[in-house]
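In what follows, a structure is listed as structure tokens, so that the remarks can point back to it.
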Amino acid sequence: MSASSLTSSPGPQARTRAPAVPGRWAARVDAAMARLVLAPTILMSLVFVYGFIVLTAFLSLTESRMMPRFEYAGFGQYTTLFGLDRWWTAAANLGIFGGLFILLCLAIGLSIAILLDQRIRAEGALRAIYLYPMALSFIVTGAAWKWILNPGLGLEKMLHDWGFVNARLDWLVDSDMAIYTVVIAGVWQSSGFVMALFLAGLRGVDDAIIKAAMVDGASLPTIYLRIVIPALRPVFFSVLLVLSHIAIKSFDLVMALTAGGPGTSSDVPAIFMYQFSFTRGQLGLGAASAMMMLATVLAVLVPLMYLETKGARHGR
């Protein structure tokens with residue numbers, strides 16, 4: 001074979017065709033298609049979420065009553081709102097309900113998750129039992145607990161029938177205790193959801209770290225307190241965010257369980273906003289209370305997001 005034939009014959013790399021590279025027009029079509037698919041969702045969010053937030057903010061600065069009035073009137077609605085004792089009662093009840101609801105859901109959910117993380121028997125059945133209340137709506141939960149805590153046919157009557165005639169569980173009709181019945185019902189429904197989130201986080205922790213700590217002589221409580229629970233920081237962030245949102249916008253649970261009563265003893269801002277906006281014909285005042293609820297959400301959300309992003313930047 002001559003040298004010229006060796007040099008003229010194409011090598012294996014030359015015989016292999018390069019993969020086809022999509023043209024510039026194809027990339028533009030893909031980008032345009034993505035924007036086209038997302039456009040309806042973005043447009044609806046802009047109109048029906050942020051647009052109505054702006055509208056509500058403006059109505060809170062007007063003298064709107066039964067119907068909207070688009071004449072700027074200053075901050076008089078906020079002055080009226082802050083002068084109402086009922087608003088401060090609703091805000092105090094939100095603090096009681098939100099604080100206890102979040103703390104108890106965190107404590108119960110994390111405890112059950114740690115228990116299930118020990119690979120106990122019937123784990124699947126127990127997990128389903130704890131998660132079942134989350135499948136119910138807050139209306140159903142409120143109605144069920146209203147029957148359970150009814151002094152004439154619930155737990156109190158059952159205890160009386162068993163001979164405990166002095167037992168009292170009349171919290172629903174006690175103005176000092178009614179808000180705590182809302183806490184009980186809310187925790188019963190949401191703690192299973194918190195358990196599921198924490199259990200997923202626990203199953204994501206590297207077993208090698210735990211085994212290494214056990215080899216070093218660390219006890220199981222120490223491993224969870226020093227290693228496992230600190231590793232669940234993103235889960236804590238998600239749980240706090242979800243629970244805070246549930247607490248601040250609570251309406252259906254309170255309406256089904258106590259309807260804000262007795263009197264206004266278990267009133268919350270969501271009920272205040274609904275009644276003043278749609279049953280009392282004070283739309284501007286209701287809009288002002290809605291903006292204060294939004295401010296409360298932002299007061300919780302912004303610090304949590306700042307701490308989470310700060311921790312992510314530092315690799316924690």
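Counting begins at 1 with the first residue of the sequence.
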Quick one: pull up CE in Met66 and CZ in Arg280 and give me the separation to the nearest 0.5 Å.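 Met66 CE to Arg280 CZ: 12.5 Å, rounded to 0.5 Å.
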I'd like to know whether [atom1] of [X] has more than 12 heavy-atom contacts from other residues, nucleotides or ligands below 6.0 angstrom.
X	atom1	value
Phe82	CZ	yes
Phe58	CZ	yes
Lys249	NZ	yes
Trp87	CH2	yes

Could you check whether any side-chain N or O of Gln189 sits under 3.5 Å from a backbone N or O of Ala185, counting only pairs where one atom can act as donor and the other as acceptor?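 Side chain of Gln189 to backbone of Ala185, a donor-acceptor pair under 3.5 Å: no, none is there.
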Qualifying residue, where the test is side-chain contact (heavy atoms from CB on, under 4.5 Å) with Leu253 and the options are Thr258, Val140, Val182: Val182
Among Asp117, Leu106, Ile229, side-chain contact (heavy atoms from CB on, under 4.5 Å) partner for Phe198: Leu106
Pair listing, salt bridge (Lys or Arg N to Asp or Glu O under 4.0 Å) test, anchored in residues 172-194, at least two apart: none
Ring pair (Phe, Tyr, Trp, His ring centres under 6.0 Å) partners for Phe97, two or more places apart: Phe101
Hydrophobic clusters here meaning ILVMFWY residues chained together by side-chain heavy-atom distances under 4.5 Å, can you tell me if Met134 and Phe251 are in one? yes
If you group Ile, Leu, Val, Met, Phe, Trp and Tyr by side-chain heavy-atom gaps below 4.5 Å, do Val47 and Leu55 land in one group?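 Yes: a chain of side-chain contacts under 4.5 Å links Val47 to Leu55.
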Specify the closest pair of heavy atoms between [X] and [Y], including all atoms of both residues, with the distance to one decimal.
X	Y	value
Glu156	Asp170	OE1-N, 3.2 Å
Ser277	Ala287	OG-N, 4.1 Å
Ile108	Ser191	CG2-CB, 3.9 Å
Ala90	Val268	CB-C, 3.6 Å
Ala196	Leu131	CB-CD2, 3.8 Å
Ser265	Asn93	O-ND2, 2.9 Å

What is the ring orientation for Tyr78 with Phe75, classed by angle as parallel under 30°, tilted 30 to 60°, or perpendicular over 60°? tilted
Below 30° counts as parallel, above 60° as perpendicular, anything between as tilted: where do the rings of Trp188 and Trp145 land? perpendicular
